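The structure under discussion appears below in the form of structure tokens.
Values in this document were obtained by computation on a predicted structure and should not be read as measured data. Numbered from 1 within each chain, the chains take letters A, B, ... in sequence-line order.
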Number of protein chains: 2
Amino acid sequence: MNDSAVGTSSKEASKQALPRLADVAAHAGVSSKTVSRVVNNEANVRPQVRAQVLRSVAALGYRPNAAARALVTQRTHQIGLVATASSLYGPTAGLFSLEQAAWKAGYGLTLTTVREASEAQLEEAIHYLMVRGVEGVIVSGVAGILHLETSALAEMPLVSTSPITTESVKHVLVDSDQVAGTRAAVRHLYDSGHRRIAHLAGPLSWDSAARRRDGWLLELEDLGLHPGPLLVGDWSPKSGYEAALTLDPTTATAIVVANDHMAMGAIRAFTEQGLHIPDDMSVAGFDDVPEAAYQMVPLTTVRQNFSSVAERSVRELIHLIEGRAAEKTSIHLPTELIVRASTAPCLGNPR
Amino acid sequence: MNDSAVGTSSKEASKQALPRLADVAAHAGVSSKTVSRVVNNEANVRPQVRAQVLRSVAALGYRPNAAARALVTQRTHQIGLVATASSLYGPTAGLFSLEQAAWKAGYGLTLTTVREASEAQLEEAIHYLMVRGVEGVIVSGVAGILHLETSALAEMPLVSTSPITTESVKHVLVDSDQVAGTRAAVRHLYDSGHRRIAHLAGPLSWDSAARRRDGWLLELEDLGLHPGPLLVGDWSPKSGYEAALTLDPTTATAIVVANDHMAMGAIRAFTEQGLHIPDDMSVAGFDDVPEAAYQMVPLTTVRQNFSSVAERSVRELIHLIEGRAAEKTSIHLPTELIVRASTAPCLGNPR
DNA sequence: TCGCTTACTGACAGCGCTGTCAACCACGTG
DNA sequence: CACGTGGTTGACAGCGCTGTCAGTAAGCGA
């Protein structure tokens, strides 16, 4: 076996010049097509030939060229992710699960971000990914109800967390069941005797914020209760703190907060005002961030299973990419109420 | 202007068949090379020809094929990111800044994760990215001191947060100055009268955990103090809680914790044991997560500027990709001590 | 007027790979 | 012994784009 064999046939010396299929073929004494067969694990190659090719591949350190392969097969095995550029826990938590799920399915993940969730930015992001050759797109943690109608997008498989209106049939929504989540929180507070239940919502331009508020509203209605005060924050602990400061404590005995970080800010604000949590005010969060259980007052919250959402998103997207029609266009995964110490039975008399 | 013009010259009907350069060329009545010039914004094209081509590009909705372009230019303008698959705040926080910085520089970001930070997994991840055609790799939030010696990797530009030993000169380390961070926290406690200062470290297989511990040790040494107890957690609030439970409160009046989430768990544990924060025990964290300021006891902490680290990482990587030699092989960005309410002057008599 | 420079344009090859198809070989089988 | 038959292999074209280089037209000074 010759020892210096990498590179193009004739001349070539210093440049690294990655080995190509032809180099492996020459080294193994077969045609490049046969090497291609081995590399792609196709049938109908004699075992000993396959072994020899494999040896040459290892000897030369051959790695297939993705661009060349993509060019001829018209497949890139890349999926694109559009995320909002924020380090909010929610959008972030599913990210690595997304990558792992894609990886298991043989797809790579190209990431891009939008600063705000406008139609224009989203379309730009998707175009950016299309130029990059992705075969499908996941839109995660983007705010509102977006309408996309560029015809080029209509053929692009799309899975999103927010309802996006498209002309495409290749579009599925996968998310936690936000409505059921806040409904469960409200019901829990009701069962503990609370009758005046406030809500601290996320920015209502976000669909998930609006849906959590809807759950609060719907459950109150079913229970025959008038809604308590509605406050609005921006998901940040700071906004939770500031919003809670504006709440008149006589108007509510409990509050359902749209995420854990705002709930932490709110608890801080209530405490500063001399309210005791949970005796004077019950507080429920949403997300179950890792530190929720280890707060000074461990937080009652609605746990989202971000990795399930991520895995399901990838699964549905790959179905779309492979041409299988979606069974449902909208999938809501269950949430779980985790009762800890920030909620307690209502001490006052239920009105 | 004709209205139905997309597709290959002769036959073709139903299939979408994205327009190619040649289609645009035919539509505009020029050669495909001229279209290429316009699309790539090269000089020496008559303004009116350029305008006509641009009109045809828009009319057909042409988008260049990245694979074909990459094949001929040998450039993919993709960079790869290797991250550990955890939703730790630190590794996650810089992610979007990384993407934005790459985007501004004209590069795409391909993400991959490793479950644990072994040499084998890292090499596999980098190979995965190489097959995907990335021109450089950023390794973020990966634990220990890794040694890579595969010759193929030696040519791959690499920026990492942890010290990775390679034979490559194309390798730069960019990170927050961890040592200075904990030194500042220790110094702050010393200045408040504390003389017995404990440390709750992250998993010491992580280089950043080890360096934070070193900062604690070094500053104590400079101050002529004996180190207080050393506890070890795994970055999670839970581990902080459990570790703090094992601390004998008579052996320390203050503790420097290696991240905010463990600090939260520790505060919870101290409180359960009847210790008052900060009067009975001062606690300092690390990271400045958004909710740190809004805890029941707002957390004194060391703020890392994750977006600076991310931007600098991308900048250095692109320098390496473009062949400029690195000026420094190791860059430490400053941290900032944020004093809040979880640390206070020592009440007991300084030994 | 010629020669020379400059601005612009297009023909053509080929990046590294895979799909198609024909060729080949070793087996039975009629 | 001629003839399939199925397993195995390689020649060749071409995916969509860009680099090279030659060619054409226009401008300009002598």
Between the axis at one end of the helix from C/dT1-D/dA30 to C/dG30-D/dC1 and the axis at the other (five pairs apiece), what's the angle to 10 degrees?
60°

Salt bridge (Lys or Arg N to Asp or Glu O under 4.0 Å) contacts touching residues 56-80 of chain B (sequence neighbours left out)
B/R75-B/E135

Can you give me the N/O atom pairs linking the protein to nucleotides 4-7 of chain C at distances under 3.5 Å, or say none if there are none?
none

Which pair of non-hydrogen atoms, one from B/V174 and one from B/V309, has the smallest distance, and what is that distance?
CG1-O, 3.8 Å

A correct 5'-to-3' footprint of nucleotides 15-20 of chain C, with B, S and - meaning base, sugar-phosphate only and no protein heavy atom under 4.0 Å, is BBSBBB

If every non-hydrogen atom of A/P19 is compared with every non-hydrogen atom of A/Y62, which pair is closest and at what distance?
O-CD1, 3.3 Å

Would you call B/E311-B/R315 a salt bridge at under 4.0 Å N-O?
no

Looking at residues at least two apart in the chain, or sitting in another chain, which of them share a side chain to side chain contact (heavy atoms under 4.5 Å, CB included) with A/S160?
A/V139, A/I164, A/H171

For a quick test of reading the model: is some side-chain N or O of B/T34 closer than 4.0 Å to OP1 or OP2 of C/dG10?
yes

What are the two closest heavy atoms between B/T161 and B/S140, and how far apart are they?
OG1-CA, 4.1 Å

Quick one: side chain to side chain contact (heavy atoms under 4.5 Å, CB included) partners of A/Q100, sequence neighbours excluded?
B/A85, B/T113, B/R115

Over all heavy atoms of both residues, which pair between A/G136 and A/L317 is shortest? Give the atoms and the distance, please.
C-CD2, 3.9 Å

Side chain to side chain donor-acceptor pair (under 3.5 Å) with A/Q52: of A/R55, A/R50, A/Q48, only one passes, and it is A/R55

Please give me the minimum heavy-atom distance between A/P157 and A/L320, naming the atom from each residue.
CB-CB, 3.7 Å

